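Side chains included, hydrogens not; waters and symmetry mates left out as well; all remaining heavy atoms used. Each ligand, and each atom within it, is numbered from 1 in the order the structure gives. Computed from a predicted model, the values in this text were never measured in an experiment.
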Amino acid sequence: MPEFKIRIRTTRPVSKGEPLTIFYWMGHIGEHTQLRQETIRMKGFFRCECARCKDPTELGTYRSGIVCQNCRRNNVSGYFLPEDPLDIEPDAKWKCSSCRAIKLAGNISRQVEKFQERISKMHEEFGSDPEDDRFIEFCKSFITKTSGISLHPNHWVIQSAITAAGEYLMLHRQTTLSLDLSMYFIKYWKHLLSIQDVLTPGMTRAIYIIKEDAYLTLMVVPLRIGFQGFYWTTSGNKSIKILRWNLRQYSEVSLEDFVDLTVAAVK
Ligand SMILES: [Zn+2]
Ligand SMILES: [Zn+2]
């Protein structure tokens with residue numbers, strides 16, 4: 001009889017007896033419970049009831065949290081969250097975490113869709129012009145005007161604005177990105193990584209994608225501020241190598257290490 005073995009690697013420490021889970025749906029970097037539930041039900045034909053899906057706060061990240069304006073007027077922090085995150089129907093109830101006010105999921109979705117539409121519209125209009133600053137300016141002001149004001153700072157729509165801005169910079173500003181703008185976005189890459197560290201810890205695909213998006217933006221920094229060791233990139237058509245001048249020789253630095261080093265250097 002042949003002997004079959006399976007080797008499983010976890011992306012974080014697990015305790016004895018703890019069930020092992022996989023990230024069933026890898027499709028989307030800004031995914032959130034409602035979208036994940038819809039997709040898994042449609043494509044996987046089951047209802048995921050993992051700890052993250054069942055938790056209205058998505059493991060404390062408030063990934064879908066909407067600011068309660070009533071609470072905000074009274075200087076109280078309150079966020080609308082689904083009462084039962086597994087109920088994804090439009091008449092499902094979302095409750096304010098502080099004043100207990102209720103909104104319907106359908107209304108919440110419409111509000112969020114409007115934000116999304118604004119990002120897409122601006123992206124379509126100005127997102128392909130390398131000379132035009134309007135898309136980047138829009139993303140910056142979108143983040144400032146919504147973060148903590150209408151959306152939780154960790155909200156996935158804010159994440160999509162950051163990602164869209166990063167993609168624009170990567171496509172059009174590789175050689176002309178200013179240090180200021182780079183520093184500005186590093187703050188947000190760090191923020192995204194901190195959320196993802198909770199949701200998909202370890203060297204998971206989502207974290208890799210964020211780092212991949214981030215690193216071209218980040219490349220500018222070590223070149224300008226010159227912290228210990230230099231980093232070079234030799235860009236072929238697709239692959240970019242990052243080299244570090246250290247101990248009188250160049251060594252290649254992995255993408256992950258590069259992002260970690262750069263992020264750590266910017267305080
Ligand atoms: Zn789940
Ligand atoms: Zn409230």
For the residue pair [X] and [Y], establish whether any side-chain heavy-atom pair is separated by less than 4.5 Å.
X: Tyr79; Y: Ile66; value: no
X: Leu35; Y: His32; value: yes
X: Cys68; Y: Cys99; value: yes

Can you name the residues that form a side chain to side chain contact (heavy atoms under 4.5 Å, CB included) with Lys187, not counting sequence neighbours?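 If we apply the side chain to side chain contact (heavy atoms under 4.5 Å, CB included) test to Lys187, skipping adjacent residues, the hits are Tyr184.
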
What pairs with Arg47 under side chain to side chain contact (heavy atoms under 4.5 Å, CB included), at least two apart in sequence or on another chain?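 Arg47: side chain to side chain contact (heavy atoms under 4.5 Å, CB included) contacts with Gln37, Arg41, Glu49, Leu86.
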
If the threshold is 4.0 Å, N to carboxylate O, is there a salt bridge linking Glu83 and Lys93? no

Restricting to under 2.8 Å, identify the protein N, O or S atoms around the Zn ion (ligand 1) as residue plus atom.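 Listed by chain and number, the atoms are Cys48 SG, Cys50 SG, Cys53 SG.
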
In terms of side-chain heavy atoms, does Thr33 have a donor or acceptor partner in Arg36 at a distance below 3.5 Å? yes

For the pair Phe138 and Phe135, name the ring-plane relationship: parallel under 30°, tilted 30 to 60°, perpendicular over 60°.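 Phe138 and Phe135: parallel rings.
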
Just verifying a value: how many Å separate Trp156 CH2 and Thr61 OG1, rounded to the nearest 0.5 Å? 13.5 Å

Count of protein N, O or S atoms below 2.8 Å from the Zn ion (ligand 2) equals 4

